[in-house]
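When a ligand or atom number is given, it counts from 1 through the structure's own listing order. What you see is a predicted model, and the numbers here were worked out from it, not measured in a lab.
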Amino acid sequence: MQTYDIVTIDGDGIGPEVNQSAITVLREAMGDRLRFTAADGGAAHYAKTGAVLPPDTFNACRDAHAILHGAAGLPGVTYPDGTEVGNDLHLQLRFRLDLYANVRPIRLYRGVTSPLAGWAAGSIDYVIVRENTEGLYASRGAGIVLRGEVATDTLVVTRKGVERVARFSFELARRRSGAKRDGRRRVTVCDKANILRSYAFFRAVCTEVAAHYPDVEIDYAYADAITVHLLKKPDFYDVIVAENMFGDILSDLGAGTVGGLGIAASAELGDGHGLFQGAHGSAPDIAGQNLASPLATILSGAMMLRWLAARHADATLLAGADRVEQAVEAVLAQGEQVPRDLGGSARCTEMTDAVCRQLR
Ligand code: ATP
């Protein structure tokens with residue numbers, strides 16, 4: 001049976017705690033089918049060595065079957081322009097490995113109470129696909145600050161970039177079973193096409209791609225309006241495709257409606273590589289105290305299994321992904337071990353043990 005090489009980068013803040021938790025759970029689920037190799041990187045590593053993503057780590061990531069990451073970034077570790085160093089770990093991986101689709105499922109699990117009244121488990125279940133290599137963040141490091149008076153960053157949208165993320169989103173909608181409200185397969189394009197040419201172009205290219213998917217409905221929403229819709233009618237959504245920064249903001253909002261950042265998984269996918277980490281950052285306020293919820297990283301690990309299963313036609317990995325997700329949901333539904341961010345008092349290691357017990 002094939003084994004898979006997984007490079008793991010713990011990173012900073014809560015990164016090591018949540019990453020080690022996910023590794024423990026994945027080992028429990030898959031035994032020796034996964035070979036984990038730890039690699040350096042992150043803000044603390046930069047402070048020590050001057051490299052946030054050392055060449056050895058990049059090469060290992062490039063050559064591995066998949067990458068599992070905790071989180072990176074420390075508040076005091078910044079470049080001279082004031083931006084945080086830690087983000088460069090995953091930004092460099094995104095750009096250099098061309099991880100163009102950032103997939104962030106928003107799903108209300110059993111045992112989790114949404115801050116939105118009246119929504120039952122499973123009734124909120126959509127996916128945000130954040131374009132991950134262009135948009136406003138593409139100009140990171142290349143913005144201009146002029147005479148201490150004016151600052152600019154450039155929003156970049158290319159036909160190639162939109163076509164591929166739009167195709168990815170429509171293909172994803174085809175594999176899903178439609179929006180919870182009406183069962184219709186739907187891709188919602190999130191932009192500000194009414195204000196900026198770049199967004200009107202984003203919308204136009206998505207509309208062109210939609211013509212190849214007559215079985216999937218296309219829908220449009222302005223980035224400001226959709227923040228209200230996600231609170232008032234979350235069941236209307238199936239797949240949402242958004243420009244990089246809009247996707248970043250929306251996915252935090254979506255996560256907030258289903259329990260918060262501690263349960264928000266994320267997969268950053270290209271045609272040849274995949275990086276898996278929770279949608280949250282390094283949460284320095286709770287780091288090193290065993291307080292973080294590992295569920296986001298564990299669920300990202302399940303996404304990794306599912307992605308590997310599809311790439312390598314490996315049914316055992318698919319079964320493993322299902323088992324991990326079901327174990328997390330069962331632990332939440334039982335309500336004996338509840339992480340602090342969901343109103344309980346279970347520590348990171350206690351949540352890990354509970355998920356492993358459930359798997360056994
Ligand atoms: P980034 O910009 O790098 O995504 P951020 O500034 O948005 O990071 P996070 O590190 O994501 O901030 O965390 C925001 C807050 O959410 C944290 O201060 C923490 O209280 C909470 N949080 C984030 N992740 C978790 C987690 N896994 N478990 C518990 N709480 C978390």
Check ring-ring contact (aromatic ring centres under 6.0 Å, His included) between Tyr79 and all other residues, then give those that pass, not counting sequence neighbours. Tyr46
Given the options Leu305, Asp5, Thr3, Leu34 meets side chain to side chain contact (heavy atoms under 4.5 Å, CB included) only with Leu305
Residues two or more places apart in sequence or in another chain: which of them pass side-chain hydrogen bond (donor to acceptor under 3.5 Å, both in side chains) with Glu163? Arg159
Is the positively charged end of Arg186 above the ring of Phe236, judged by distance under 6.0 angstrom from the centroid and angle within 45° of the axis? yes
Provide the full list of salt bridge (charged side-chain N to carboxylate O under 4.0 Å, His left out) pairs with a residue in residues 123-151, sequence neighbours left out, each pair given once. Asp88-Arg140, Arg107-Asp125, Asp125-Arg176, Arg130-Asp248
Hey, is Asp235 close enough to Lys180 for a salt bridge, meaning N to O under 4.0 Å? no
Dump all N/O pairs between ligand 1 and the protein below 3.5 Å as a table: atom names plus distance, one pair per row.
{"from": "ligand 1", "atom 1": "10 (O)", "to": "Gly281", "atom 2": "N", "distance (Å)": "3.4"}
{"from": "ligand 1", "atom 1": "10 (O)", "to": "Ser282", "atom 2": "N", "distance (Å)": "3.2"}
{"from": "ligand 1", "atom 1": "10 (O)", "to": "Ala283", "atom 2": "N", "distance (Å)": "2.7"}
{"from": "ligand 1", "atom 1": "11 (O)", "to": "Gly281", "atom 2": "N", "distance (Å)": "2.5"}
{"from": "ligand 1", "atom 1": "18 (O)", "to": "Asp285", "atom 2": "OD1", "distance (Å)": "2.7"}
{"from": "ligand 1", "atom 1": "18 (O)", "to": "Asp285", "atom 2": "OD2", "distance (Å)": "2.9"}
{"from": "ligand 1", "atom 1": "20 (O)", "to": "Asp285", "atom 2": "OD2", "distance (Å)": "3.0"}
{"from": "ligand 1", "atom 1": "27 (N)", "to": "His280", "atom 2": "NE2", "distance (Å)": "3.4"}
{"from": "ligand 1", "atom 1": "27 (N)", "to": "Ser293", "atom 2": "O", "distance (Å)": "3.0"}
{"from": "ligand 1", "atom 1": "28 (N)", "to": "Ser293", "atom 2": "N", "distance (Å)": "2.9"}

